[in-house]
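Heads up, the thing below is written out as structure tokens.
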Number of protein chains: 2
Amino acid sequence: MSVTLADIARATGLSASTVSRALSDPDKVNPRTRDRVRKIAQDMGYVPNQVARSLTSGRNDLIGLIVPDIANPFFPPIIKAVQARASAKGKTVLIADVDEHPSDEIQRARVMRKRVDGLVVVSPRTPDDRLDQLAELRPIVFVNREVKGAASVIIEDSEGMREAVEHLTALGHRRVGYLNGPRRSWSNTQRQNAVREACAAHGVDLVEFGPFEPQIQAGVRAADLVHASDVTAVIAYDDMIALGLMARLNERGVRVGPDISVIGIDDSPMSGMAYPTLTSIHVPGSEAGARAVDIVLDLADTAGDAEPSVVQLETRLIVRSSTSPVRER
Amino acid sequence: MSVTLADIARATGLSASTVSRALSDPDKVNPRTRDRVRKIAQDMGYVPNQVARSLTSGRNDLIGLIVPDIANPFFPPIIKAVQARASAKGKTVLIADVDEHPSDEIQRARVMRKRVDGLVVVSPRTPDDRLDQLAELRPIVFVNREVKGAASVIIEDSEGMREAVEHLTALGHRRVGYLNGPRRSWSNTQRQNAVREACAAHGVDLVEFGPFEPQIQAGVRAADLVHASDVTAVIAYDDMIALGLMARLNERGVRVGPDISVIGIDDSPMSGMAYPTLTSIHVPGSEAGARAVDIVLDLADTAGDAEPSVVQLETRLIVRSSTSPVRER
DNA sequence: CTGAAAGCGCTTACAG
DNA sequence: CTGAAAGCGCTTACAG
């Protein structure tokens, strides 16, 4: 078996209490004793049992992060930002991928709950009527979804969407498609409202398609629907859908840019590498992740009596080659 | 505070022992008692404290998974396969992304060690001379790296690489480039050896470039080096590098396929969506992940007296549009 | 600065 | 089938 505190106490002739302090609260112990204990602990290959430490101290030095689908390139940058920020504060991050199964979110969160000091849940798809069950698992912060009474970092889609529609209008487009994201997705509701408002404001006809899952294959399917319609430009719920759309249009000999303009959302790393490069609405995922960590650790410290903060972040349009002037007919 | 076992014992008038059994070992208790306990526990919103449970039982029902970089599309399918397999066996997966910092692997593994029943480490970059420190943290299984004395699931690159070189030869290519992966990467050593052997066997001239990190940007950088050389085809260490390479060649007006052939490795989801679609060597990541779970849970049960198993999986070439007959000069 | 004691919330032989 | 007791490996007031 592994070496325990008691083993070290025996080896040093000290009490377990002192050994414990020497190792985790160095100021409360004689420097000489501390050094001796640490050396012996090291020699014996002692590794504290975090489980026992957690049970007794209530601290885990761990943050739980729940994401819908790590295969979607929108999430890795968020995850990395969360890790970077957590690490700067001496915490480690445990990630759970719920694989787009909303029903798993609550269950996975419960499993994690006692093992972590706080939870960060990104883009939860848990239905409204069960959301409070999730929110109860405090300290918890939601990213990309507003939950009443709970802390959250939300991304305001309207500015980026306004810029996108304005950009298309300037290029002469008058009939624009929107590819809806998943049914009941909070994000999609935001984006759908934003695109409707922006189109109305600019006198642009809006044609909606979908819902589509945020996956490349769904974009491939969308391509033929879009091609059969009379829109000259399309805004997709996210880059995944936009990339699938472009791949299929390429395959059918439709030139993205000259023949039809495409705009994605997320500005994921692939958007600059696609062919043509994809005009996309930048969503500040990394910033959102970092802010979420700050908030959740704050909540963990203040035991939740602070009033839940809601942080808003803005989006903006990044123009690349997939949008061009409307083609004359 | 949350509801504890003791609270339920009080509420039901039973002992903590009985309540514990009713909840987690139902056969050892009177069915009537069991149902009553469960109902009351449910009503009181009881959630077992997993930390306490782990400390006393030694089981965590958790598997730790360590990956180098979740942003690299090679890993998500592996992660999902691990989760699916683990879930089928009643375990939950905790993921740690070490962000391509090899030095973090051991540390992260140690943090996880006591909280999980076993570790799966994918494509570790830990240097050879510290690898035994990692391997000591049993039960542990390595994926995509052979570690002496430890269980592993390794991917045999030679067959796929042989097919790739054969394919290029059939298309008339006689001078082929290989873009090396990261220095000191075990995978790259395998692939480098495989491509050298295959080229030698087919009388093909091999020109090596790199090392390159497995990232799109590195591929972009590689493109200009390749273009300045006289190779007519390139095999890249992985799809990320190949995708960056193609993007930059497209940008420079070089037609991938007709002008230069490109082969990636991993057959990641993007390879079918890139332009042109990318010929790639399929690496059975999902299968590797599933097998790793089986092995690590076996090890956890048998307390490590079984001799570590080494599973080998094969690769094969998937031909798409990025490879064409060599252009006449 | 150090030690003895209690306790974190659960599980598990051991009796009955 | 049920209960009392011990214990998992730590931490942390409380004394001294």
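Proteins get letters first, then strands, A, B, ... in listed order; numbering begins at 1 in each. Computation of the quantities below employed the complete heavy-atom set of this structure, encompassing side-chain atoms and omitting hydrogens, waters and symmetry-equivalent molecules.
- Partners of B/S20 under the side chain to side chain donor-acceptor pair (under 3.5 Å) rule, at least two apart in sequence or in another chain, do not exist in this structure.
- Taking the side chain to side chain donor-acceptor pair (under 3.5 Å) definition, one finds that B/D129 meets it with nothing, sequence neighbours left out.
- A/R115 has its CZ atom 17 Å from the C1' atom of D/dC10, to the nearest Å.
- No donor-acceptor pair under 3.5 Å is formed between the side chain of B/R59 and the backbone N or O of B/D117.
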Enumerate the protein-to-nucleotides 3-7 of chain D contacts in which both atoms are nitrogen or oxygen and the separation is below 3.5 Å.
residue : atom : partner : partner atom : Å
D/dG3   : OP2  : B/S15   : N            : 3.1
D/dG3   : OP2  : B/S15   : OG           : 3.2
D/dG3   : OP2  : B/T18   : OG1          : 2.8
D/dG3   : N7   : B/R21   : NH1          : 3.4
D/dG3   : O6   : B/R21   : NH2          : 2.4
D/dA4   : N7   : B/S17   : OG           : 3.2
D/dA4   : N6   : B/S17   : OG           : 2.8
D/dG7   : N2   : B/T56   : OG1          : 2.9

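- Residues in residues 9-19 of chain B take part in these salt bridge (Lys or Arg N to Asp or Glu O under 4.0 Å) pairs, two or more places apart or across chains: B/D7-B/R10.
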Distance-only donor-acceptor hits, side chain of residues 30-37 of chain B, under 3.5 Å, sequence neighbours excluded:
residue : atom : partner : partner atom : Å
B/N30   : OD1  : B/R32   : N            : 2.7
B/R36   : NH2  : B/T12   : O            : 3.4

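- Rounded to whole Å, the distance from NZ on A/K28 to C1' on D/dC14 is 12 Å.
- Remark: A/D266 engages no residue in a side chain to side chain donor-acceptor pair (under 3.5 Å) (not counting sequence neighbours).
- Out of C/dT11, D/dC1, D/dC10, the shortest distance to the side chain of B/N30 is found at D/dC1.
- Checked by atom type and distance alone, the side chain of A/T4 pairs as donor or acceptor with a backbone atom of A/A6 at under 3.5 Å.
- Against DNA chain C, the stretch residues 39-55 of chain B makes heavy-atom approaches under 4.0 Å through B/Y46, B/P48, B/N49, B/A52, B/R53.
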Query - Paired and unpaired positions of DNA chain C as dot-bracket, Watson-Crick or G-U wobble under 3.5 Å, | denoting a partner strand - result: |||.||||||||.|||
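- For the pair B/P31 and B/S57, both in contact range of DNA chain D, the more 5′-proximal nearest nucleotide belongs to B/P31.
- With sequence neighbours excluded, no residue satisfies side chain to side chain contact (heavy atoms under 4.5 Å, CB included) with B/R184.
- Residues that satisfy the side chain to side chain contact (heavy atoms under 4.5 Å, CB included) test with A/P214, not counting sequence neighbours, are A/N72, A/E100, A/P182, A/Y237, A/D238.
- Considering only the side chain of A/T33, C/dT2 comes nearest among C/dT12, D/dC10, C/dT2.
- Taking atom CG on B/D35 and atom P on D/dC1, their separation rounds to 13 Å, with Å as the unit.
- The nearest whole Å value for the distance from the CG atom in A/L23 to the P atom in D/dT12 is 13 Å.
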Residues 43-53 of chain A, side-chain donor-acceptor partners within the protein, below 3.5 Å, at least two apart:
residue : atom : partner : partner atom : Å
A/D43   : OD2  : A/K39   : NZ           : 2.7
A/N49   : OD1  : A/V51   : N            : 2.8
A/N49   : OD1  : A/A52   : N            : 3.2

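- Taking atom CG of A/D25 as the reference point, atom C1' of C/dC1 lies 13 Å away to the nearest angstrom.
- Rounded to whole Å, atom P of D/dC1 lies 13 Å from atom CZ of B/R32.
- Base contact: B/S20 has a heavy atom under 4.0 Å from a base atom.
- The distance from atom CG of B/L5 to atom CG of B/L14, rounded to the nearest 0.5 Å, is 11.5 Å.
- Rounded to whole angstrom, the span from the CZ atom of A/R36 across to the P atom of C/dC1 amounts to 15 Å.
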Going by atom type alone, with no hydrogens or angles, which donor-acceptor pairs under 3.5 Å involve a side-chain atom of residues 88-95 of chain A and a protein atom two or more places apart or on another chain?
residue : atom : partner : partner atom : Å
A/K89   : NZ   : A/D294  : OD1          : 3.1
A/K91   : NZ   : A/D61   : OD1          : 3.2

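- Note: NZ (A/K114) to C1' (C/dG9) measures 9 Å, nearest angstrom.
- Comparing A/S24 and B/D27 by the nucleotide of DNA chain D that holds the closest heavy atom to each, the one mapping nearer the 5' end is B/D27.
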